[in-house]
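Report on the structure given below.
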Amino acid sequence: MPSVTVSAPGKLFLLGEHAVVYNGTCLVTAVDSRLWMTLTAEEATHNPTLTIIAPDVGLTNWSCLLKESFFRPAYQGPSAFIESCLAVFHRRYPFHANLTIETRSDFGANLGLGSSSATVAATLYGLSALFHADLSPDQLFTLGVEAIQNVQKLGSGADLAAAIYGGTLYYLNHFPRQITPLAVDSLPLLVVYSGEKAGTVSYVRKVAELEESWPNVISAVIETMFTIVDSGRECLLARDWVGLGQLMNIQHGLLHALGVDTPSLSEIVFAARNAGALGAKLSGAGGGDCAIVLVDDTHRSAVIDALANKKIVNVQANAAGVRLEKA
Ligand code: MEV
């Protein structure tokens, strides 16, 4: 019974979220909270089956015929990303086996740390290892974007890039997409959960609606975000934390202007800044999930004290991308 175990990291947006959807750029980093996945293939006579055991998303022993997964008119629910990956992979690399996929996540699906993109990266990498397809990171990325589009119909692919390549990336969402790893050894970040769960798709749509009502205004906001990303990249490479903190604060203001901030996220941002953080912003689609705080060693404990009523998420940035844990 061939079996492989793989893992893929979560992600955090440092700068450029939402703008990156508009053919833009962003800075995204992989975090060391990982999604773990074991894929096991068993010989099948006819009509192979798929079993998914993913308690983090409420699937305790979910199963169907594999061919149902290959041909769904729409991919929905907690099995959607895995099934969509199977369809995309099987079209290029047909296989005939009963498949069991078990997942466990260090971070849960609720924090907005990119459990969907980690699931896609892990599924495709695991299938590639299990069936000896030997896919390169670029091939994984191309298939992964297709798998995500089948489910969400939108998205920049930046979070998938973080899950596959790992590290800290400058990401250009313009054909041909460019994924540039940045030489960043450490990032003095604190990650703080807002207590609210956000839906990426609805917040991307919300911004698109605002853009339809006020195209000139919103395009100016988005263009400013592109400039923030480019300047942020320079600050990051120069370890100019004061500059990066200021840019994070400006990005948060612009995300607020796009209507994706919440009272709970802003509470974190202002409490952290008042306690001496260099910068603080929401990270990702908004509407909840996590805020990130850039803070030097001198002010770190004061900031943690100021956020005593919030949940600090213990993750480090710049983590490794998808990888084989056990063959
Ligand atoms: C969501 O994590 C980040 C967004 O920029 C959407 C995307 O990049 O696909 C809002």
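These numbers come from the heavy atoms of this one structure, side chains and all, not from hydrogens, waters or symmetry mates. Whatever order the structure lists them in is the order used to number ligands and atoms, beginning at 1. Please read all numbers here as calculations on a predicted model, not as lab measurements.
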Q | Other residues, nucleotides, ligands: >12 heavy atoms within 6.0 Å of K326 NZ | A | no
For each nitrogen or oxygen atom of ligand 1, which protein N/O atoms lie closer than 3.5 Å, and how far apart are they, rounded to 0.1 Å?
residue  : atom  : partner : partner atom : Å
ligand 1 : 5 (O) : H18     : N            : 2.9
ligand 1 : 8 (O) : S156    : OG           : 2.5
ligand 1 : 9 (O) : S156    : N            : 2.8
ligand 1 : 9 (O) : S156    : OG           : 3.4

Q.
What I want to check is whether the side chains of R323 and Y125 have a donor and an acceptor closer together than 3.5 Å.
A. no
(Q) Whether the S63 and T51 side chains hold a donor-acceptor pair (N or O, under 3.5 Å, no angle test) is what I'd like checked. (A) no
Q) Is the backbone of A285 close enough, under 3.5 Å, to the side chain of H18 for a donor and an acceptor to pair up by distance? A) yes
Q: Report the residues that fulfil ring pair (Phe, Tyr, Trp, His ring centres under 6.0 Å) with H90, sequence neighbours left out, ordered by chain and then residue number.
A: F70, F95
(Q) Less than 4.5 Å apart, side chain to side chain, heavy atoms only: is that true for L14 and L189? (A) yes
